[in-house]
Structure formats: structure tokens, C-alpha cells
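Scope of the values below: all heavy atoms of this structure, side chains included, with no hydrogens, waters or symmetry mates. Just follow the structure's listing: the first ligand is 1, and inside any ligand the first atom is 1.
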Amino acid sequence: MTTLDLTSANPDAAAPKRALFGLSRAETADAIGEALGLDVKKARMRTNQLWRWAYHYGVTDFERMTDIGKEMRADLAALFSLDRPRIAARQISVDGTRKYLIELSPAVEVECVFIPDVGRAGALCVSSQVGCTLNCTFCHTGTQKLVRNLSAVEIVGQVIAVKDDLGEWPSGGDDRRLSNIVFMGMGEPLYNLDHVARAIEIIADGDGVSISRRRITVSTSGVVPEIPRLGAMTNAMLAISLHATNDTLRDVLVPINKKYPIAELLAACKAYPGLGNTRRITFEYVMLKGVNDTDAEARELVRLLKDIPAKINLIPFNPWPGAPYECSDWDRIEAFADIVNRAGYASPIRTPRGRDISAACGQLKSESVKQRASDRLKERLEAAQG
Ligand code: SAH
Ligand code: SF4
């Protein structure tokens, strides 16, 4: 007589595992409850245990989850994957800045940068897209051919992979090195808001990566209609890549300005939820020699921002091969900063970090450059400036 041996059923036929780092706590609990037939309370308890092992201790192997019974460990291992993206390359600067090339899938890579001594301890600059559909003329990321949105698991995965590399497990000690997250890597986060918001929910969860929303900053080139949604969905800090004080110039530097000009952008900023002295919008201003760096522009910048709780970040332009701009001279940057300073903005110059490894945020892209494009842009810029 033949019997059917169900215990040796083909394991490949099992349902695909779900990537834990892409699920909120509620979604994890739902998945556990449904698959294992547990009631809400029990599913929540298992979720708390699982999350603690995954996010607090950083374990990669379910067998190490010693306060969970053997059978339950096997069930969870069949349900979830703790895979993180592979660090394909890493460069460490003399100042401690670490630039990573992260492989999301074969031949799909993004960069992210860990910058020590920024924020409370150190900041990780993460990417939200592969490449960017926008074409800011001073930015290296702009015309990368392949463009796609990252999923939440790919965004959270960058944080987990870097925590592995920093040896930041268990998390949350007083000596923690990674305290802040900035969405200033590759891509325009507000063109991928749903995935960015989900990633922020997981990163900010006290039982997840546990970095508070006050320490998470999203930088946008100015996708105005998405700014209120960002506030409502994430309550994250906002940074605006302003870079010019009039529309004619901003149309060239940050072309999305043609769609959403400065006045509309600043109106959306003013309405951002929760603004006040301790919760200010950061305005980024890249210093381009002879383009946007006069005293008159510094005064105009201050005037434009006078009704908004703001911080100003002057960013020395980080040159790349074939770029149509140069960085302003140091004297010029200081003179510009002086005017901004006297208007009450503290230390507005962002010191370039990791320059020896081209690791500044917004400078993240492999070396295959948009050289010919930059010649065309030079012409456009000259034309726009009359
Ligand atoms: N797309 C978003 C976030 C990524 S860019 C945005 O544009 O805000 C992060 C910051 O780096 C932006 O302020 C961007 O304007 C700036 N940046 C880009 N290229 C740069 C360069 N070569 N030198 C200095 N800053 C640059
Ligand atoms: Fe895209 Fe930001 Fe670069 Fe502009 S500055 S091209 S929006 S990544």
C-alpha cells in the first residue's frame, strides 16, 4: 500500500517569503496571524519578539531567536526573509565618511553615505530612486538612464546593511553612531512618496529602527503638490533644494521650477505642519561661482524666507567631470554666509565631507557622466542669464 508522505512535500512549492524589512508592525502581525492562525493578541506578541530580534539585535538567523520555541521559529522562518541588500563596494574617507554601493538586484545599484558627527551622532544619506527623472543642471544623478522607484524594503534595507557594516547591534546604546536619516541620496523622494512614507513608518517605529521622525529629513527639489502629503503621511522634517532666488535662474538650475515656481513652493513650505522654532525647514543653496552667489542674492534669500521658520544650508558645489559649473571661491561663500548669518541664521555653511571619495549627498552616481548634456546646459544657462 502506498501512503502519501506530506512531511516531505516539496519545499520549493511553499509560498514565497515576505521581506520583513518592508512590512510595518501591523502588517507583520497580520501576516503572522493569518498564516499561523493566531489571534490578534498572540500575533502581536510574536511580532514584538520577531521585531526585537530583527531590529534590535540585528540577527539574520531565526535559530538565534532563543525566546521563541523551535517550532514557531521554523514557522516564522518559512514566512519571512531577513535578507538585506549586499554591499557591493565601500569607501571610507579620511574623515570617517563611508560611501556604499548597495546592490538591490543584479546590476541595479544605488549609493548611500554615512556621515559621522552630523545630527546627534551620525547621519545616513539614503537613496529613494535608482537615478532621477529630474534634470537639475548641477547634479550628477540627473540623467542616469535607468530610473525606477525603490520599494520600502529597499530603502529600509540600506539602513540595515549600513548598521551591519557599522556593527551597530544591539541598537540604541549611548554610543550609537547612526542617529539621523536624510533622504538626500539618489532620486526625488516626493516622486516615490508612498514607498518613502512606508519606509519612514518602519524606520521611526520605536520597535523598528527607532530613529524618531524629528531626526528624519526628506529633501525635495520642490514637488509642490506632494509637500502637504509628506507632512500628513510622515511628519518628517522637510528640506528644500532652493538654490536660486528668482524664477529665471531656478528654471535653469532646478527645472521642475517651471512647473512649480518659487512663490508656490514657499507657500507650500509655510503651510507645512508643526513648524516652529524647534521644527524648521532646511533650505539648501548650492554655491555656484558667478551664477547664484552675489551679496544681492544673499539678501534676497533672507528676504524670501523671512516668514518661514527656516535653517539655511549653503553647500559648496561638489564638482564632477564635465560639470557646467564651478564652486564659488571661499571668500565669496564667506561673504554670502556673513549676510545670512547677520540675519540670524547660525553656521549656514555645510562643510564638505568625504570629498576624497566624492561622497557628498547629491553627488551620488557612478562615474559614467552626462558630459555632452552638460555642454548643452551651459548654453541654456548662458542664454537664460542674457
Ligand atoms: N532630489 C532631492 C534629494 C537628493 S539631492 C533634492 O533635489 O532635494 C540632495 C541635495 O544635494 C540637494 O539639495 C541637491 O540639490 C544637492 N546636490 C546635488 N548635486 C550637488 C553637487 N554636485 N554639489 C552640491 N550639492 C549637490
Ligand atoms: Fe534629482 Fe535632486 Fe539631483 Fe535634482 S538635485 S536631479 S531632483 S537628485
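Heavy-atom proximity to Glu284, at under 4.0 Å, picks out these atoms of ligand 1: 10 (C), 12 (C), 13 (O). Every atom of ligand 1 with a heavy atom of Trp320 under 4.0 Å away is listed here by number and element: 22 (N). Residue contact check: Leu134 has heavy atoms under 4.0 Å from atoms 6 (S), 7 (S) of ligand 2. The ligand atoms of ligand 1 that sit less than 4.0 angstrom from a heavy atom of Thr220 are 6 (C), 8 (O). The atoms of ligand 1 that sit less than 4.0 Å from any heavy atom of Ser221 are 6 (C), 7 (O), 8 (O). Near Cys139, meaning under 4.0 Å from one of its heavy atoms, ligand 1 places the atoms 18 (C), 19 (N). Atoms of ligand 1 found under 4.0 Å from any heavy atom of His243, numbered from 1 in the order shown, are 13 (O), 14 (C), 15 (O). Within ligand 1, counting atoms from 1 as listed, the ones closer than 4.0 Å to a heavy atom of Val286 are 24 (C), 25 (N). Here is the list of ligand 2 atoms found below 4.0 Å of a heavy atom in Cys136: 4 (Fe), 5 (S), 6 (S), 7 (S). Which parts of ligand 2 touch Ser221 is read off a 4.0 Å heavy-atom cut-off, strictly below it: atoms 7 (S). Atoms of ligand 1 found under 4.0 Å from any heavy atom of Glu188 (numbered from 1 in listed order, with element): 1 (N), 2 (C).
Between Arg213 and Asp205 there is no salt bridge, since no side-chain nitrogen of the basic residue lies less than 4.0 Å from a carboxylate oxygen of the acidic one. Between Glu63 and Arg73 there is a salt bridge, with a side-chain nitrogen of the basic residue lying less than 4.0 Å from a carboxylate oxygen of the acidic one. Arg229 has a carboxylate O that lies under 4.0 Å from a charged side-chain N of Glu226, or vice versa, which qualifies the two as a salt bridge. Ion pairing between a basic and an acidic side chain is recognised when a charged N comes within 4.0 Å of a carboxylate O; Lys99 and Glu111 show such pairing.
The side chain to side chain contact (heavy atoms under 4.5 Å, CB included) check on Ala89 picks up Leu101, with sequence neighbours excluded.
Considering every non-hydrogen atom in both Gly22 and Arg198, the closest pair reads O-NH1, 2.9 Å.
A distance of 4.5 Å separates CG of Leu178 from CD1 of Ile211, quoted to the nearest 0.5 Å.
Both Leu166 and Ile216 are part of a single hydrophobic cluster, where members link through side-chain heavy atoms under 4.5 Å apart. Grouping the Ile, Leu, Val, Met, Phe, Trp and Tyr side chains by contacts below 4.5 angstrom, directly or via other members, places Leu249 with Phe138.
Ligand 1 lies less than 4.0 angstrom from a heavy atom belonging to Gly185.
Residue Cys132: no N/O/S atom is found under 2.8 Å from atom 4 (Fe) of ligand 2.
Considering each of Pro189, Ser241, Cys136, Gly187, the one bringing a non-hydrogen atom nearest atom 7 (O) of ligand 1 is Ser241.
Inclusion of His140 in the set of residues having an N or O under 3.5 Å from an N or O of ligand 1 is not warranted.
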